[in-house]
Amino acid sequence: MTNTSEQDFDSDSASDGAELPEPVPPRAAPSGTTGIGIGAIAQEIGLTKDTLRVWERRYGFPQPMRSPGGERLYPQEQVTKLRLVKRLLDAGHRPSKVLGQSIELLQQLAESSGVGQDAPDAELDHLISLLRASAYDEFRFGLLKRATRDGLERFVLDVAAPLSARVGNAWAAGTLQVYHEHLFSEAIQSAMRTLMRPLSDAVRGRGGRPRVLLTTLSGEGHGLGILMAEAMFTLSDCDCVQLGLQTPLHDIVDAVAAHKVDIVALSFTAVLPAQSIANGLTDLRNLLPPHVRIWVGGSSPALRRKFNDGVHYVAGLTPIDETVADWRQSAML
Ligand code: B12
């Protein structure tokens with residue numbers, strides 16, 4: 001990995017050395033008050049429980065209430081703020097600069113730094129409004145029409161990728177729900193598979209190389225990144241083996257041997273803690289034969305850090321063609 005980032009908020013390094021407030025004594029939850037437990041919050045937002053405890057101790061936020069049994073309970077407004085905090089940190093802001101701010105200030109900061117902002121596109125807005133209105137058949141029709149009109153590459157780059165970001169932003173803003181995300185994923189997957197199938201079959205018939213295995217590691221439940229990457233690899237004449245989501249490391253290793261795979265391509269969003277990604281990649285690297293490359297992509301800020309050698313970060317979908325060309329050149333030497 002060549003890129004580095006100083007951002008790391010997974011453990012005690014969740015602090016960045018700024019002035020710290022006095023610790024706030026825990027409040028008991030008034031009877032009848034609801035709150036969300038630390039495990040559920042950590043999972044939903046993509047932080048570790050340790051990070052939440054460290055922030056509480058060092059920055060005075062979040063400030064959970066306590067259940068009668070002494071467990072942390074986070075009220076909804078703190079969850080909303082935490083979601084926003086996480087997105088600002090993913091965009092490169094520092095914990096000490098954001099954790100003490102009001103939600104209104106954080107919203108302004110997000111707006112001024114472009115976090116969660118959609119580029120104007122009336123057609124994509126229309127698709128989102130169909131999804132929101134539960135006009136699912138219309139939404140699927142709209143996607144398929146665009147896919148047929150644009151072709152695979154343009155559909156991936158101009159529709160599937162920006163629409164995923166829009167859906168994510170709408171979910172974060174509370175204007176789409178998780179079931180909308182599921183419906184969206186199903187519709188995108190089906191449109192992309194329909195477009196991709198004839199080409200994939202033809203590439204397979206020609207014995208295209210490299211052979212690329214695509215999957216995600218345990219804990220990473222987002223599959224549109226590897227699907228879009230598969231489309232771009234296929235357009236670069238690669239034979240793709242799509243394993244889907246969350247494949248255990250030993251199963252990846254077995255599939256690599258059985259299918260004579262040259263490259264393992266993995267996708268990471270910001271949900272997996274940086275340390276889990278680093279550990280997973282180190283373990284996988286040690287388990288795979290050295291000639292098998294590991295290429296990683298996706299929006300996780302952890303990918304901007306330096307990992308061990310033998311893991312290559314591909315910064316987006318368009319560089320896939322060039323990276324494959326480099327592989328072919330080195331394979332011929
Ligand atoms: C659909 C969706 C879901 C679906 C996924 C269904 C499925 N089968 O895939 C469901 C509903 C299950 C879901 C669940 C969750 N999600 Co969700 N989800 C999304 C959404 C809208 C798209 C997901 C996706 O596949 N993205 C991956 C690709 C498309 O995006 P990318 O990482 O930016 O990668 C780009 C490139 O780098 C490249 N690329 C990607 N991978 C690779 C790999 C290689 C090798 C290469 C070369 C290139 C490449 O392609 C992309 C093109 O733009 C995103 C929004 C978004 N912006 O991504 C949120 C998002 C990822 N989800 C989010 C969250 C919080 C969750 C949940 C924790 C809570 C929830 N919403 O229910 C759970 C966690 C699940 C888990 N354990 O992983 C957050 C993560 C934020 C964060 N900082 O942690 C996001 C960003 C929404 C948001 N704006 O807050 N989600």
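Sequential numbering from 1 along the given sequence is applied to the chain's residues. Indexing begins at 1, ligand by ligand and atom by atom, following the structure's order.
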Task: For atom 80 (C) of ligand 1, closest protein heavy-atom neighbour - done: Val271 CG1, 4.0 Å
Task: Selected option - heavy-atom contact closest to atom 4 (C) of ligand 1, from Ser185, Ala315, Ala265 - done: Ser185
Task: Short N or O distance, Glu44 and ligand 1, threshold 3.5 Å exclusive - done: no
Task: Among Glu186, His182, Glu181, Lys86, closest by any non-hydrogen atom to atom 12 (C) of ligand 1 - done: His182
Open item on the list: For ligand 1, which is the ligand I care about here, please tell me if Ser267 has any N or O atom under 3.5 Å from one of the ligand's N or O atoms.
Closed with: yes
Open item on the list: Can you confirm, on distance only, whether ligand 1 has an N/O atom lying under 3.5 Å from any N/O atom belonging to Thr269?
Closed with: no
Open item on the list: Can you check which of Gly316, Gly225, Gly298 brings a heavy atom nearest to atom 34 (O) of ligand 1?
Closed with: Gly298
- [ ] Identify, for atom 31 (P) of ligand 1, the protein heavy atom at the shortest distance, and state residue, atom and that distance.
- [x] Ser299 OG, 3.6 Å
- [ ] Run the contact test for Ile45 against ligand 1 with a 4.0 Å cut-off on heavy atoms, strictly below, and give the result.
- [x] yes
- [ ] May I ask you to check if Arg209 and Trp327 form a cation-pi contact, with NZ or CZ under 6.0 angstrom from the six-membered ring centre and within 45° of the axis?
- [x] no
TODO: Among all protein heavy atoms, pick the one closest to atom 56 (C) of ligand 1 and tell me residue, atom and distance.
DONE: Ser164 O, 3.8 Å
Task: Atoms of ligand 1 close to Gln189 [distance to a heavy atom under 4.0 angstrom, numbered from 1] - done: 8 (N)
- [ ] Starting at SG of Cys238, measure out to CG of Asp262 and round the result to the nearest 0.5 Å.
- [x] 9.0 Å
TODO: Give me the ring orientation class for Phe184 and Phe139: parallel if the planes are under 30° apart, tilted from 30 to 60°, perpendicular past 60°.
DONE: tilted
- [ ] Select one of side chain, backbone, both or neither to describe which atoms of Arg83 lie under 4.0 Å from any atom of ligand 1, heavy atoms only.
- [x] neither
Open item on the list: Let me confirm one number: the CZ-OG1 distance from Phe155 to Thr148, rounded to the nearest 0.5 Å.
Closed with: 9.0 Å
Task: Distance, nearest 0.5 Å, that separates CG of Leu124 from CG of Asp158 - done: 8.5 Å
Task: Distance filter under 4.0 Å to Asp90 heavy atoms, resulting ligand 1 atoms - done: 82 (C), 83 (N)
TODO: For Gln43 and ligand 1, answer yes if some heavy atom of the residue is under 4.0 Å from a ligand atom, otherwise no.
DONE: yes
Open item on the list: Determine whether any protein heavy atom is located less than 4.0 Å from atom 68 (C) of ligand 1.
Closed with: yes
Task: Heavy-atom pair with the smallest gap, counting every atom of Ala231 and Val156 - done: CB-CG2, 3.8 Å
- [ ] Would you mind checking if Lys49 and Glu71 are paired as a salt bridge, meaning a charged N to carboxylate O distance below 4.0 Å?
- [x] no
Task: Carboxylate-amine/guanidinium contact Arg140 Glu186, below 4.0 Å - done: no
Task: Those atoms of ligand 1 less than 4.0 Å from some heavy atom in Gly219 - done: 76 (C), 77 (N), 78 (O)
Task: Geometric N/O contact Met228 with ligand 1, under 3.5 angstrom - done: no
Open item on the list: Can you check which of His222, Gln177, Glu230, Glu220 brings a heavy atom nearest to atom 63 (C) of ligand 1?
Closed with: His222
- [ ] May I ask you to check if ligand 1 and Val296 share an N or O to N or O distance below 3.5 Å?
- [x] no
Open item on the list: Val314 versus ligand 1: do any nitrogen or oxygen atoms come within less than 3.5 Å of each other?
Closed with: no
Open item on the list: Taking distance alone, with N or O pairs closer than 3.5 Å, would you say Gly221 contacts ligand 1?
Closed with: yes
Task: Basic-acidic side-chain contact under 4.0 Å: Arg166, Asp125 - done: yes
- [ ] Decide, yes or no, whether a salt bridge links Arg149 with Glu123 under the criterion of side-chain N to carboxylate O below 4.0 Å.
- [x] yes
Open item on the list: I need the Lys86 NZ to Thr51 OG1 distance, nearest 0.5 Å.
Closed with: 9.5 Å
- [ ] Take atom 58 (O) of ligand 1 and look for protein heavy atoms under 4.0 Å from it; say yes if you find one, no if not.
- [x] no
TODO: Could you check atom 89 (N) of ligand 1 against the protein and tell me its nearest heavy-atom contact, residue, atom and distance included?
DONE: Gly168 O, 3.0 Å
Open item on the list: Run the side-chain hydrogen bond (donor to acceptor under 3.5 Å, both in side chains) test on Thr269 and Glu220 for me, step by step, so that the C-alpha distance in whole Å, both residues' side-chain angles and the decisive distance to 0.1 Å come before the verdict.
Closed with: CA-CA 7 Å; Thr269 66; Glu220 177 53 81; 2.9 Å; yes
Task: Location of contacts on Leu266 toward ligand 1, heavy atoms closer than 4.0 Å - done: backbone
Open item on the list: If you scan the protein for heavy atoms around atom 71 (N) of ligand 1, do you find one that is closer than 4.0 Å?
Closed with: yes
Task: Closest protein heavy atom to atom 9 (O) of ligand 1, given as residue, atom name and distance to 0.1 Å - done: Gly223 N, 2.7 Å
Task: Contact check: Leu317 vs ligand 1, nitrogen or oxygen atoms, below 3.5 angstrom - done: no
Open item on the list: Applying the side-chain contact (heavy atoms from CB on, under 4.5 Å) criterion to Asp239, which one of Arg206, Arg204, His259, Lys260 satisfies it?
Closed with: Arg204
Open item on the list: Tell me whether atom 49 (C) of ligand 1 lies less than 4.0 Å from at least one protein heavy-atom position.
Closed with: yes
Open item on the list: Among Val292, Ile252, Val253, Val256, exactly one meets side-chain contact (heavy atoms from CB on, under 4.5 Å) together with Leu287. Which residue is that?
Closed with: Val253
TODO: Starting from atom 81 (C) of ligand 1, find the nearest protein heavy-atom neighbour and note its residue, name and distance.
DONE: Ala270 CB, 4.5 Å
TODO: Would you indicate whether the side-chain heavy atoms of Ile41 and Val79 approach each other to under 4.5 Å?
DONE: yes
Open item on the list: Closer than 4.0 angstrom, basic N to acidic O: yes or no for Arg87 and Asp90?
Closed with: no
- [ ] First locate atom CZ of Arg285, then atom CZ of Arg293, and finally report the distance between them rounded to the nearest 0.5 Å.
- [x] 9.0 Å
Task: Sub-3.5 Å N/O-N/O distance, Trp295 and ligand 1 - done: no
- [ ] Would you mind finding which of Leu47, Ile320, Ile188, Leu224 brings a heavy atom closest to atom 25 (O) of ligand 1?
- [x] Leu224
